[in-house]
**Q** 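My structure is below; once you've seen it, I'll send some questions.
Indexing begins at 1, ligand by ligand and atom by atom, following the structure's order. When a residue number appears, it is its place in the shown sequence, counting from 1. Predicted, not measured: the structure shown is a model, and the values here were computed from it.
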Amino acid sequence: MLRYLTAGESHGKLINAILEGVPSGLKVTGEEINNELRRRQQGYGRGGRMKIERDEVEITAGVRFGITTGAPLSMIIRNRDWENWKSRMSILPRREKEPPLTLPRPGHADLAGGLKYLEKDMRNILERSSARETACRVAVGTVARKLLKCFDIRIISTVLQIGNVRAENIPTNPAEVYRKSEKSDVRCADSKAAEKMRSAIDEAKKNGDSLGGVFQIIVTNPPPGLGNSFQWDKKLDARLAFALMSIQAIKGVEIGAGFKCAELPGSKVHDEIFYRKPRSSSLRGRKTGGFYRRTNNAGGIEGGISNGENIIVNAVMKPIPTLVKSLRSVDLETAKTARAAVERSDVCAVPAASVVGEAVVAYEIANAFLEKFGGDSLTEIKKNFKLYIEAVNRYMQK
Ligand code: EPS
């Protein structure tokens, strides 16, 4: 089983992650992680901070000669902005008087965190609740997706909505969704909608406002049998929802048809089961035929277990709470009404959040994968996987 922790403040010296449970024998390079970190930094609507940072990972443990050893992986990402914050974010006992930040932003963790820790300087709260931390999640997710790739399982994302602009012409083929989304600076596969999304971001920026949206994560070619319906905290859909909701600013998660299921009768929601004779017994299981669906409203998960169809999950991101035209708040020192603090910020970070979404989904799928096929080395896991797929192929034979 995998587990990870992150640490580090947004304007501190560095952020870091420790990832435990990675099997031995997996090829991991800093370069691959850096590619993913770069994808997270992009996106139309990002603010000034991304002009400062060039996220690069330093792997400090768990990898030898480019291959995992089975020991915990330690990964560090330095904050370039630290140079400008050394004294304000010093770890040493306070030497100079730094004015506290006492104007909490509605929607940010500021006030809730202040009340929790009995802290009136919002800096101590916001530094850790900042989305800067998500760079670590992407580093962790890259290792997870490397593991999944060994079994031909891929994870892609696409932006479906920014503000009130919705993508309408989305290709049905995930490879096409991937190709088009990667080319778009709003990560949207519908180029007409992408244009409108950019205009909406420009408009929000002009008004000192911010925008949220919806992104979709697709897991292609997952085997059936991931997750468990017999215990509440083992259900794959529940775990994916937890992981996505843990990303900063995510307010809702849908699996497959999601909230649309509320308005449709059962006959239009549930994916009927069909059978075609398996052609061969390759390692891909479901691609060989057998039981299959013509629709995928379940988003590839039934009863908390993957059913072999692609896994489809949507997540809703709220607009970023730091507004140039700030909202009303209360000064914690004086208890007088005041405008919330204005920090440098992004106007829209939905494209970046979709890359983070890929990472946390990769982690959850890899974890469920290891739960089912787990072993200490990649060799052992490959054997376990092969045995299961052979058993599924036999199960599919009439
Ligand atoms: C964030 C505020 C901005 C964002 C930041 C998240 O940072 P700053 O306060 O330094 O301008 O750019 O996101 C990142 C630093 C990042 O790497 O994604 C916030 O308040 O959550």
**Q** Quick test of your reading of the structure: of Ala352, Ser130, Pro321, whose heavy atom lies closest to atom 1 (C) of ligand 1?
**A** Ser130
**Q** Remaining members of Phe65's ILVMFWY cluster at a side-chain heavy-atom cut-off under 4.5 Å?
**A** none
**Q** In terms of residue, atom name and distance, what is the protein heavy atom nearest to atom 4 (C) of ligand 1?
**A** Asp346 OD2, 3.7 Å
**Q** Among all the protein's non-hydrogen atoms, which is closest to atom 15 (C) of ligand 1, and how far away is it?
**A** Arg132 CD, 3.3 Å
**Q** For atom 3 (C) of ligand 1, grab the closest protein heavy atom and report residue, atom and distance to one decimal in Å.
**A** Arg344 O, 4.0 Å
**Q** Is the closest heavy-atom distance from Met50 to ligand 1 below 4.0 Å?
**A** yes
**Q** Under 6.0 Å from the ring centre and within 45 degrees of the ring axis: does the NZ or CZ of Arg276 meet both conditions for the six-membered ring of Tyr292?
**A** yes
**Q** With side-chain hydrogen bond (donor to acceptor under 3.5 Å, both in side chains) as the test, pick out the partner of Arg39 among Gln41, Glu36, Gln42.
**A** Glu36
**Q** Checking the N or O distance criterion of under 3.5 Å, is ligand 1 in contact with Asp81?
**A** no
**Q** Below 4.0 Å from any atom of ligand 1, is there a heavy atom belonging to Ala135?
**A** no
**Q** Report yes or no: is the cationic atom of Arg294 (NZ for Lys, CZ for Arg) under 6.0 Å from the centre of the six-membered ring of Phe274, at an angle within 45° of the ring normal?
**A** yes
**Q** Which of the listed options, Arg40, Arg49, Glu53, His11, holds the heavy atom that is closest to atom 18 (O) of ligand 1?
**A** Arg40
**Q** Would you say Ser345 and ligand 1 have an N/O pair spaced under 3.5 Å apart?
**A** no
**Q** Tell me whether Ile18 at atom CD1 has more than 12 heavy atoms from other residues, nucleotides or ligands lying less than 6.0 Å away.
**A** no
**Q** Please output the side-chain donor-acceptor pairs of residues 74-83 that fall under 3.5 Å, not counting sequence neighbours, one pair per line with the distance.
**A**
from  : atom 1 : to     : atom 2 : distance (Å)
Ser74 : OG     : Thr60  : OG1    : 2.8
Arg78 : NH2    : Glu58  : OE1    : 2.6
Asn79 : OD1    : Arg132 : NE     : 2.7
Asn79 : OD1    : Arg132 : NH2    : 3.2
Asn79 : ND2    : Glu9   : O      : 3.1
Asn79 : ND2    : Ser10  : O      : 3.3
Asn79 : ND2    : Gly12  : O      : 2.8
Asp81 : OD1    : Asn84  : ND2    : 2.7
Asp81 : OD2    : Trp85  : NE1    : 3.3
Asp81 : OD2    : Arg344 : NH2    : 2.9
Glu83 : OE1    : Lys86  : NZ     : 3.3

**Q** Contact between ligand 1 and Leu126 is defined here as a heavy atom of the residue under 4.0 Å from a ligand atom; is it met?
**A** no
**Q** Can the ring centres of Phe369 and Phe385 be said to be less than 6.0 Å apart?
**A** yes
**Q** Arg46 to ligand 1: N or O pair under 3.5 Å?
**A** yes
**Q** Could you tell me which atoms of ligand 1, counted from 1 in the order shown, lie closer than 4.0 angstrom to a heavy atom of His108?
**A** 19 (C), 20 (O), 21 (O)
**Q** With no hydrogens and no angle check, is any side-chain donor or acceptor of Asp190 less than 3.5 Å from a backbone partner on Glu168?
**A** yes
